[in-house]
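Scroll down for the structure; my scribbles are underneath it.
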2 protein chains.
Amino acid sequence: MEAGTGRLDVPAVVAASLAIADADGLENLSMRRLASRLSVTPMAIYHHVRDKGELLDLMADESLRALPPLVASAPWDSALEDLFLGFHRLYLAHPALAQIMTQRPLEGPHAIAVGEQVLTVLSAAGIDDDTAASAFISIVNYTIGASLYRTSRSSSRLPERRRFGRISAADAPRAHGLRQTMAALAVDEGQFLDGLRRLLASYRMDAAAAPARPTTARAPAG
Amino acid sequence: MEAGTGRLDVPAVVAASLAIADADGLENLSMRRLASRLSVTPMAIYHHVRDKGELLDLMADESLRALPPLVASAPWDSALEDLFLGFHRLYLAHPALAQIMTQRPLEGPHAIAVGEQVLTVLSAAGIDDDTAASAFISIVNYTIGASLYRTSRSSSRLPERRRFGRISAADAPRAHGLRQTMAALAVDEGQFLDGLRRLLASYRMDAAAAPARPTTARAPAG
DNA sequence: ACCTGAACACCGTTCAAGT
DNA sequence: ACCTGAACACCGTTCAAGT
């Protein structure tokens, strides 16, 4: 498959990797499967990528290109809400990316560019540097956790439960009664948004407490 | 190793699995490694556990035994803060557990018991059922995301970065200036607590808006 | 520079057999 | 019931060789 192009390059390798991970899950992405999809010998890939780990880094960073850019004209909190909703949607579309982020710190150029944008917006809102750094980390963590939660419960990837029976009304009446509510929330974008908004509202109070700053935004101050 | 006991059982298998995952990472936990640590043939394990997936489920649920129980006498928000701090510490001590939770929905008996406790506490605080379910999910998601963040950055498991250079002052002045701050926050329990408290504070407002309820809260008591 | 082929040290799991 | 042994269809990666 994918034949014809003749020559292999990094973008083609990354694209094929994402396609395999989307179709069959990250656990089924192997260098050998990838090679056969590219009609090439496994070792050919090693000429473009040092090892599988580097391939995963490239997948995670490269896919951030698809993120809708932050809208600078909007209020800072709704701009951030949109940005992280974009993250969440990206991770739902490509569950492998969220998984990769939990195993390898993402430090590629696109990831750093997004981080820079977020920190700039928080700073312009009047939030001090330390709080901004902390806010960035907490919001990213929440977003990744919520995305993993939804993808791990998406019908297509559920492992068949065997050992454990269903949740019983006798042992856990509340959890039992809320079973269907929780199942619905697990596939609901509104559930993600609710938590995100609660975090943003909390940082809004930090912003209000600080003196508003002009958005000139010159770097780490000289 | 681990010889002498003569007979294999599920607790021994689970304990050995955790020991391997703690020492060498979940990615190095294999049925064959596990078998050799138990001085047994790989196939012997399959007599106690259906497959590797079930083994992972058992590891994740069984380890929840170590969680400090929720202190019912404390105010609900500080009780929940303690409980989830306990989760966070458990995941830091055993990074494999947080990883497993992102791949397989945790529905074992201990997980359900913890969920029941949390829902009961939220309800007794005067939070309605739908909000309680949503709060539970968001707080768990945040906790898992934050735990994964810290473990993925723990010095012992960092993959050597190759493709991407260090973050440059020219391209990302803010991110560059905050590099050391962010690195410090990545290993700081206070960073986790800050985000957790912001979420709890938000739900405290829901509780205040609702009529307070007597803490009759039947169920797992008795 | 870019790719192939053979090989090494691993995987999870099935199936048949032993006690 | 509990365990072994051999086998199957896979892995990631090194090394030497081809063009």
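Each chain gets a letter, A, B and so on, in the order its sequence line appears, and its residues count up from 1. What you see below is based on every heavy atom in this structure, not just the backbone, and it leaves out hydrogens, waters and symmetry mates.
- Ring-plane geometry between B:F87 and B:F84 is classed as parallel, the angle between the planes falling under 30 degrees on a 0 to 90 degree scale with a further cut at 60.
- Across every strand in view, D:dC3 sits unpaired, with no contact that passes the Watson-Crick or G-U test at under 3.5 angstrom.
- Residue contacts shown for B:R33 are limited to sugar-phosphate atoms, with no base heavy atom under 4.0 Å away.
- Between A:R32 and A:A44, the one whose closest nucleotide on DNA chain C sits nearer the 5' end is A:A44.
- Between the side chains of B:S152 and A:R104, not a single donor N or O lies within less than 3.5 Å of an accepting N or O.
- Side-chain proximity of B:M43 to the nucleotides D:dA6, C:dG5, D:dC3 is greatest for D:dA6.
- Rounded to a whole Å, the NZ atom of B:K52 is 14 Å from the C1' atom of D:dC10.
- When the side-chain nitrogen and oxygen atoms of A:Y46 are compared with OP1 and OP2 of D:dG12, none of them lie within a distance under 4.0 Å.
- Atom pair B:L29:CG and C:dC10:C1' shows a separation of 14 Å (rounding to whole Å applied).
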Practice task
Start with the C-alpha gap between B:L26 and B:L29, add the side-chain angles, then the distance that decides, and say whether side chain to side chain contact (heavy atoms under 4.5 Å, CB included) holds.
Solution key: CA-CA 5 Å; B:L26 185 60; B:L29 170 61; 4.1 Å; yes

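- When Watson-Crick and G-U wobble pairs are counted only if both distances are under 3.5 Å, D:dG12 pairs with C:dC8.
- Comparing atom distances between the B:D51 side chain and each of C:dT13, C:dC3, D:dC3 picks out C:dT13 as nearest.
- Here D:dA17 sits opposite no nucleotide as a Watson-Crick or G-U wobble pair (both hydrogen-bonding atom distances under 3.5 Å).
- A:E54 has its CD atom 15 Å from the P atom of D:dG12, to the nearest Å.
- The distance from atom CG of B:L26 to atom C1' of C:dC11 is 14 Å, rounded to the nearest whole Å.
- The CD-P distance, from A:E27 to D:dG12, rounds to 13 Å in whole Å.
- The CD1-C1' distance, from B:I45 to C:dT14, rounds to 16 Å in whole Å.
- Proximity of B:H48 to the phosphate of D:dC3: a side-chain N or O atom is located under 4.0 Å from OP1 or OP2.
- Using a cut-off of 4.0 Å between Lys/Arg side-chain N and Asp/Glu carboxylate O, A:D24 and A:R33 are scored as salt-bridged.
- Within 4.0 Å (heavy atoms only), A:M31 reaches sugar-phosphate atoms of the nucleic acid but no base atom.
- The CG-P distance, from B:L56 to C:dC11, rounds to 15 Å in whole Å.
- Among the heavy atoms of the strands lying under 4.0 Å from B:S30 are primed sugar atoms or P, OP1, OP2 only; no base atom is included.
- Between A:L38 atom CG and C:dT4 atom P the separation is 11 Å, expressed in whole Å.
- Taking the six-membered ring for Trp, B:F192 and B:Y142 have ring centres closer than 6.0 Å.
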